[in-house]
Amino acid sequence: MTKSPVVRRHLPTSPFKARVEPPRKQFAVGDRVTHDKHGLGRVVDVEDDSNVAVLVDFGSRQVRLTPPYTEMFKL
């Protein structure tokens, strides 16, 4: 039996710090990026303000990547 993911809300009286959500990564056309698996590349297309997907040209191939972009970093 698996548990469904539940969003826990922070109580103002709690002695524990609220979990801070990291800012979303935003990419624009022309950005140089590095990916842990694919290497160096350039953003070719952005779908819906990079909330849906980005198309990155890595030289030998183009790859469509979807969020979260945990393995991709802007240079």
Side-chain angles (χ1 to χ4, degrees):
M1 187 167 152
T2 61
K3 290 184 178 182
S4 62
V6 177
V7 177
R8 294 182 180 227
R9 62 187 180 106
H10 177 72
L11 298 175
T13 58
S14 174
F16 303 104
K17 293 183 180 179
R19 186 176 300 179
V20 178
E21 198 171 307
R24 290 187 166 191
K25 294 182 181 180
Q26 296 290 322
F27 298 101
V29 174
D31 284 347
R32 297 281 298 169
V33 295
T34 181
H35 192 276
D36 291 343
K37 182 178 175 184
H38 302 292
L40 295 173
R42 183 177 301 271
V43 176
V44 178
D45 188 27
V46 177
E47 296 178 21
D48 192 29
D49 197 26
S50 76
N51 291 330
V52 177
V54 294
L55 183 66
V56 182
D57 181 15
F58 290 105
S60 61
R61 64 191 170 284
Q62 289 187 351
V63 180
R64 183 178 181 264
L65 300 166
T66 56
Y69 306 108
T70 55
E71 298 178 340
M72 189 164 70
F73 302 95
K74 192 184 297 190
L75 297 177

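Side-chain contact between L65 and H35 is present, with at least one heavy-atom pair separated by less than 4.5 Å. Proximity of V56 to M72: side-chain heavy atoms (C-beta onward) are separated by under 4.5 Å at one or more points. With contacts defined as side-chain heavy-atom distances shorter than 4.5 Å, the pair L75/L40 qualifies. Contact of the V52 side chain with the R64 side chain is registered, since non-hydrogen atoms from C-beta on lie closer than 4.5 Å.
V44 and F27 are members of different hydrophobic clusters when ILVMFWY side chains are connected at heavy-atom separations under 4.5 Å. At a threshold of 4.5 Å between side-chain heavy atoms, the hydrophobic network of Ile, Leu, Val, Met, Phe, Trp and Tyr places F58 and Y69 in one connected group.
Legend: residues meeting side chain to side chain contact (heavy atoms under 4.5 Å, CB included) with V29, ordered by chain and number and at least two apart, are V46. Here Q26 pairs with R24, D49, S50, N51 under the side chain to side chain contact (heavy atoms under 4.5 Å, CB included) rule; sequence neighbours left out.
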Let me have the donor-acceptor pairs involving side chains of residues 11-18, under 3.5 Å, with sequence neighbours excluded, atom names and distances please.
from	atom 1	to	atom 2	distance (Å)
S14	OG	F16	N	3.2

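Proximity of a side-chain donor or acceptor of K37 to a complementary backbone N or O of E71 within less than 3.5 Å is not detected.
No more than 12 heavy atoms of other residues, nucleotides or ligands lie within 6.0 Å of CZ in R9, so this atom counts as exposed by the packing criterion.
Shortest non-hydrogen contact noted between K25 and T70 is NZ-O, 4.1 Å.
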